[in-house]
Amino acid sequence: MSGLLVDKDLCIGCGLCVKACGNAGIVVEGERPNRLARATDGCVLCGACVQACPKKAISIARDEDGDETPQQRASRLAAYKDVWVFAQVDQTGRALPVAFELLGRARELAAVRGCRVVALLGQGAAAPQDQAPALLAAGADEVLLCRDDRLATLDARVYAHWICDMAGERKPEIILYGATAFGRELAPGVAVRLQTGLTADCTVLDIDPATGLLQQTRPAFGGNLMATIECPRHRPQMATVRPGIFAAPQADALHAERGRITQVALADAWQPSVRVDAIEHASATDVITDADVLVVAGRGIGSKKNLAVAQRLADALGGKLGCTRPLVESGWLEYWHQVGQTGVSVSPKLLISLGVSGAIQHVAGTGGAQTVIAVNEDPDAPIFGSATYRVVGDCVEVARELTARLQAQAWRRARIG
C-alpha cells in the first residue's frame, strides 16, 4: 500500500519535515529524546519531507507498480503509440479553432516520436460533413469519425465512454483536449476511466529527448512559477490546452489527400444521461480567442461607463473587447471577455491594453499577441514589461483620441472613395 514511512531508528524529531510540508501532512510528536515524525491524513505523498529530512529517515512506499518489473512496464508502455486530438465542435457542428491549434502542435510532437496524429470527431448525424477533411488538412493523418445523434449534445459521460472504448482498442500514447468548458469536464472523466494522469491548462507541450515522455508545462502557485509534469507509468498521457496558446497551421491540401477518414461506432450501451432544453452561450461573434485585434480594459479604466470608450475603440479597429478578472468579478462584463490564467488565452495580431496593471495571471493569457500597446498612468506598471509600445497617460483620454483619429481617417477615405 502507498504511504509515508518513517524510520524510527533514524528520525531525530528535528521538525524540518513539518516546515517543508505545505499540507499539514506530517507532525512531530513526543518529548526528547523520543520525538518522532508521523504522517497524517493530510499527506499527499509529494515528497517535500523526504527531501528535507537530514537523516534520510523518511521514504515513500508506492504500490502503483504492483509486481510489475521494469521490463514488463517498458513492454506494456511500448504498445501505446500515436498522438490523438479531441476535436470539439460547436452547436452548428463546426470544429472549434482550438482543435486546429492542437493539431499543429500534435504534428510537431508526433514528428519527434515518429508516430501519427489522429483526430477524434464526434458529430450528430445532421452536422456538416466537411469537418473531417479540414482536420486532415490541418495535420491529422487519420480522423476517427462517429456520426451519431447521441453525440449531437455535449454529454461528457457519452463522449468519455466513446473515447475510452476507442483508446482501449487502439492504445494512443497521448490525448490532447482543448481547455474549453466541455473539454475541462470531459478530460477528467476519461482520465478516471482509463486510470491515467491529466495535466490541466498547459501552456507548453514538449517531448523529453531522453525518455520520450510528454512534458506538460502549466502555471502553478498563482502563476508565480511554471511546473513541468510527466506521466511515466500510465498511458495515455493526457493534457488540456487553452485556446489561443498554439498557432493553427495552414491548411495543406496534399496532406488531406494522403490522410484517411475512419468511421467508428458508439456502443449501444452508452445513452445520454442529460437532456438540454436550452443553453446560454456566447455567439460566434462574441468569442474573443479568434480576434485579430483586441482591446483589453483593466481596473484603470475607472468606471463601468468608460467601457463604452474601450468598445468604441475596438469597433473602430474592427476588433473585440476583452477585460481583466476584476472587471468580471465586479459584474461589468461577462466571463467570456476575461483574458488571463483564469480566463482565456489570446493571440491577436494587435492587443491594446487600457488601464491594465499587468499581473502575471493576466499576462499569462496574452503571450501569443504579436504587438502589444499598453496605456497606463503608472510609468512603473508591470504591464510595460511585456508591451511592444508603452504609453504613459490617462487610458480613457488616449482611447478617445485614438478613436477620433481612426473615425476621421475612415470618413476621409469614404469621402475620397
Side-chain angles (χ1 to χ4, degrees), residues 96-98 100-101 104 203 242-250 282-302 306-328 332-334 336-341 343-379 381-414:
L96 298 184
V98 68
F100 299 98
E101 297 166 7
T203 57
R242 290 188 181 192
I245 291 293
F246 301 120
Q250 294 293 326
S283 68
T285 58
D286 289 334
V287 176
I288 65 174
T289 53
D290 60 351
D292 287 334
V293 177
L294 190 63
V295 176
V296 178
R299 282 182 294 187
I301 202 77
N306 287 334
L307 286 176
V309 178
Q311 183 65 68
R312 284 194 290 271
L313 176 57
D315 293 340
L317 291 166
K320 297 179 180 179
L321 179 65
C323 70
T324 58
R325 179 175 177 174
L327 271 62
V328 172
W332 294 6
L333 286 172
E334 296 180 60
W336 57 263
H337 288 278
Q338 183 178 322
V339 177
Q341 185 177 333
V344 297
S345 297
V346 295
S347 53
K349 295 179 181 178
L350 172 63
L351 187 149
I352 299 180
S353 171
L354 301 177
V356 176
S357 63
I360 190 170
Q361 292 86 347
H362 171 75
V363 174
T366 63
Q370 296 180 20
T371 301
V372 177
I373 301 175
V375 185
N376 199 297
E377 285 185 317
D378 180 4
I383 190 66
F384 288 144
S386 58
T388 312
Y389 300 99
R390 306 160 184 81
V391 180
V392 178
D394 186 317
C395 63
V396 175
E397 293 303 319
V398 171
R400 284 174 175 158
E401 177 65 22
L402 184 54
T403 302
R405 294 189 182 189
L406 290 168
Q407 291 173 338
Q409 291 176 0
W411 180 81
R412 284 196 294 270
R413 285 196 298 269

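Note that CG of L350 and OH of Y389 are 10.0 Å apart. Values are rounded to the nearest 0.5 Å. A distance of 10.0 Å separates CD in E401 from CG in L406, rounded to the nearest 0.5 Å. Rounded to the nearest 0.5 Å, atoms CD1 (I301) and CZ (R299) are 13.5 Å apart. Here the NZ-CD distance, from K320 to Q311, works out to 11.0 Å after rounding to the nearest 0.5 Å. Atom SG of C395 is separated from atom CG of L313 by 11.0 Å, given to the nearest 0.5 angstrom. Atoms CD1 and CD1, from I383 and I373 in turn, are 12.5 Å apart once rounded to the nearest 0.5 Å.
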(Q) Let's go through T403 and V309 carefully: what are the C-alpha distance in whole Å and the side-chain angles of both, what is the deciding distance for side chain to side chain contact (heavy atoms under 4.5 Å, CB included) to 0.1 Å, and is it a yes or a no? (A) CA-CA 8 Å; T403 302; V309 178; 5.6 Å; no
Q. Could you go step by step and tell me if V339 and L351 meet the side chain to side chain contact (heavy atoms under 4.5 Å, CB included) rule?
A. CA-CA 11 Å; V339 177; L351 187 149; 5.5 Å; no
Q | Full working for side chain to side chain contact (heavy atoms under 4.5 Å, CB included) between I352 and L402 | A | CA-CA 11 Å; I352 299 180; L402 184 54; 4.1 Å; yes
(Q) Does V296 form a side chain to side chain contact (heavy atoms under 4.5 Å, CB included) with T366? I'd like the steps, not just the answer. (A) CA-CA 10 Å; V296 178; T366 63; 5.8 Å; no
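Looking only at distances, a side-chain donor or acceptor of T388 sits under 3.5 Å from a matching main-chain atom of V372. Side chain of D292 to backbone of G319: no donor-acceptor contact under 3.5 angstrom is found. Listed for the H337 side chain is a donor-acceptor partner under 3.5 Å among the backbone atoms of L321.
Smallest separation of non-hydrogen atoms from Q338 and T324: CG-C, 4.3 Å. Heavy-atom minimum distance, A297 versus L307: CB-CD2, 3.8 Å. Here the closest heavy-atom approach between residue A399 and residue L354 is recorded as CB-CD1, 4.0 Å. In terms of heavy-atom proximity, P382 sits nearest to S357 at CD-O, 3.0 Å. When all heavy atoms of L333 and C323 are compared, the pair lying nearest together is CD1-CB, 3.6 Å. Here the shortest heavy-atom pairing between V98 and P243 reads CG2-CA, 3.8 Å.
Within a 6.0 Å radius of CZ in R390, other residues, nucleotides and ligands contribute more than 12 heavy atoms.
Q370 is linked by a side chain to side chain contact (heavy atoms under 4.5 Å, CB included) to K349, counting only residues two or more places apart in sequence or in another chain.
The only member of D378, N376, V391 that meets side-chain contact (heavy atoms from CB on, under 4.5 Å) when paired with F384 is N376.
Here the side chains of W336 and V344 are not in contact, with every heavy-atom distance at 4.5 Å or above.
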